[in-house]
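What follows is a set of notes on a single structure, which appears directly below.
For reference, positions follow the sequence shown, starting with 1.
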Amino acid sequence: MNRLEGVGTTVAGSAWQPLHLRVFRALWLAQFVSNIGGWMQTVGAQWLITEQMGSVALIALVQTAASLPVLLLGIPAGVLADIVDRRRQLLFSQFLMFGAAGLLFVLTALGHIDAYAVLLLTFVLGCGSALMSPAWQAIQPDLVPREQIPAAAALGAVSMNLARAVGPALGGVVVALAGSAAVFAINAVSFLATVAALVSWHRGVAPDPLGAERALPALGAGYRYVRNAPRIRRVLGRALLFVPAAAALWALLPVVAQQQLGLHAAGYGVLLGAVGIGAVLGALLLPRLRARLSSNAALAIGTLIFAGAMAVLAVLHIPWLAGVVLVLSGVAWLAVLSTLNSQMQVTAPAWVRARALAIYLTIFQGGTAIGSAIWGVITNVISLQNTLLIAAVLLAIGSLVGGRLAVADTALDRSPSPHWPEPVMLLDTSKTDGPVLVTISYHVPADRTDAFIQAMDAVRLSRLRTGALQWDLYQDGANPEVYLEVYMTASWDEHLRQHGGRLTGHDRALEQQARSLLNPEFTFEVTHYLPARGARS
């Protein structure tokens, strides 16, 4: 069973609807606890480096160390999440992070820690997060009905940002009272909550009759899908325009707290908490905003509010007023984050969802890692105020440029649609045979030529998304009403996967649109060609 118990008992129209589902609720609460530990960890690590060395560049590198592993491991982790049991991958990542946080606690408690060891173990924690994130995002559509995915994505952002409201404040208090070692210990224990929730989730998944994909072909298939999915490319483009510039706020906030506002660890935790409170307020407002605004409007307005908040923060020296500004930035952050995340989850079909989300997370976390490092270096060269103002201007420019990358709100049918008949083959074939050349002949009345060619351009993207390496459409020179579609897959296995589950209801609709233009007196013919036996032996 891929969906949670109690799907039919939820209350329609509620922003908190997914929390009525038992397993989603358990996993959400467990991740909330873990997120609190993570934000406490961030406060402890940044403040420990601040006390030891005070280097702005090293402080900013805490964000880089936490985010860089996603840039390095996110896409391979997404491949794994699509070809292995996602629950086991999640459990492994939790134990890895538990070990890293536990070692950080021991070394700090014994006094054998320096800034570089903190960064190294933060990097290991980031590796665990990189392994976890694609699988965690990809299981969400298994936990809730499709129509609840936007609400589930928003609740995921609420978990992170509510933890941001609680965790930093708790972290600041614990650091002030017991030191950074205590924060690292709490973070280590927090991973056990997620382990317990995952162990209690009995995930039933129907085995793929074709078996698991091999890693390298699966990696190539993921790239091909994203490259030929216009909606996903637009979402990735919007993320790329937003994240690197927005990273300046998270990377430099501890410096703002210490140098500009004169705050200590507890005060810095309160500032981060203000961002989290704003995100929770944003989640409460989001259902109403979603009813009135398109995704494009939500992204544009959210980005401009975040840019304005950053620009104001650059010149403020009043702590309470800075807190108010950060509440607004939290509202904007939630609006942008949940919009991008839900678009990715509803657009990518199940067979490639983790790989598509891994590319999204790589851009998101990689942009944070690289952006944080760059903003830290820039701040060492120019003033803190000017750095924040530059980042705010770049965000505003990105919002204007992003208008060209419109994100559609219309729903696509991404449910599996194995509507192709099984190919009839007289040759003995194995999965590794290939490449495979597929041809399909069509008869099109002359007055429908333009419409047919336009419809087949959408079919071209469908073929390339689901496994084709190349695609062409030819017209018969002797009989102009005859067209030949030709595409090639890398192997027989790749083509069988097109038959067996990669096609969706949207792909079926694209084919039906093109075939509705055919001459009904003729049937289209499909042929499959493999390398001559001598070449294959």
Side-chain angles (χ1 to χ4, degrees), residues 69-86 89 130-131 133-135 137-138 208-237 239-240 344-345 347-366 414 416-418 420 423 429-438 458-472 485-504 506-507 510 528-531 535-536:
V70 176
L71 186 63
L72 301 176
L73 301 176
I75 293 175
V79 172
L80 280 177
D82 275 334
I83 64 177
V84 303
D85 188 302
R86 290 170 182 166
Q89 183 170 334
L131 288 172
S133 295
Q137 296 286 344
D208 188 335
L210 296 174
E213 294 182 69
R214 292 173 296 155
L216 289 180
L219 180 62
Y223 274 119
R224 284 194 301 274
Y225 187 90
V226 170
R227 188 170 65 244
N228 295 288
R231 287 198 180 192
I232 288 180
R233 291 203 313 269
R234 293 189 190 107
V235 175
L236 297 180
L240 193 58
M344 287 296 300
Q345 290 194 21
T347 301
W351 71 269
V352 74
R353 185 180 298 128
R355 280 165 279 186
L357 285 164
I359 294 174
Y360 163 72
L361 292 169
T362 297
I363 289 175
F364 204 98
Q365 297 294 341
R414 293 305 195 196
S417 178
W420 288 2
T429 57
S430 68
K431 289 184 176 182
T432 57
D433 283 345
V436 177
L437 185 69
V438 181
V459 172
R460 173 183 64 87
L461 290 177
S462 171
R463 305 287 194 242
L464 293 171
R465 280 195 300 270
T466 56
L469 299 176
Q470 59 188 56
W471 182 96
D472 285 294
E485 177 189 2
V486 179
Y487 69 90
M488 182 180 294
T489 62
S491 67
W492 185 241
D493 180 62
E494 283 289 296
H495 182 61
L496 287 179
R497 291 184 186 281
Q498 289 181 305
H499 280 265
R502 287 186 178 178
L503 297 174
T504 66
H506 178 63
D507 296 309
L510 295 178
H528 301 84
Y529 293 92
L530 289 92
R536 291 189 289 134

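- Remark: Ile359 CD1 to Met344 CE distance equals 7.5 Å, nearest 0.5 Å.
- With a 4.5 Å cut-off on side-chain heavy atoms, Val459 and Glu485 count as touching.
- Within the model, atoms OH of Tyr487 and CZ of Arg463 stand 5.0 Å from one another, a figure rounded to the nearest 0.5 Å.
- Judged as a side-chain hydrogen bond (donor to acceptor under 3.5 Å, both in side chains), the pairs with a partner in residues 222-237 (not counting sequence neighbours) are, in order, Arg224-Glu494, Arg231-Thr410.
- Side chains of Leu361 and Pro134 form a contact here, defined as non-hydrogen atoms less than 4.5 Å apart.
- Put simply, the side chain of Gln89 gets close to the backbone of Ala77: a donor and an acceptor are under 3.5 Å apart.
- Proximity of a side-chain donor or acceptor of Arg355 to a complementary backbone N or O of Ala218 within less than 3.5 Å is detected.
- Ring pair His499/His495 is perpendicular by interplanar angle, where above 60° counts as perpendicular and below 30° as parallel.
- Distance check: Thr466 OG1 to Leu461 CG gives 10.5 Å after rounding to the nearest 0.5 Å.
- Rounding to the nearest 0.5 Å gives a distance of 6.0 Å between CG of Leu530 and CG of Asp433.
- In this structure, the side chain of Trp351 engages the main chain of Arg502 through a donor-acceptor pair within 3.5 Å.
- Between Ser133 atom OG and Leu357 atom CG the span is 10.0 Å, to the nearest 0.5 Å.
- Remark: the backbone N or O of Ala81 is paired with a side-chain donor or acceptor of Arg86 at under 3.5 angstrom.
- The line from CD1 of Ile75 to CG of Leu80 is 12.5 Å long, rounded to the nearest 0.5 Å.
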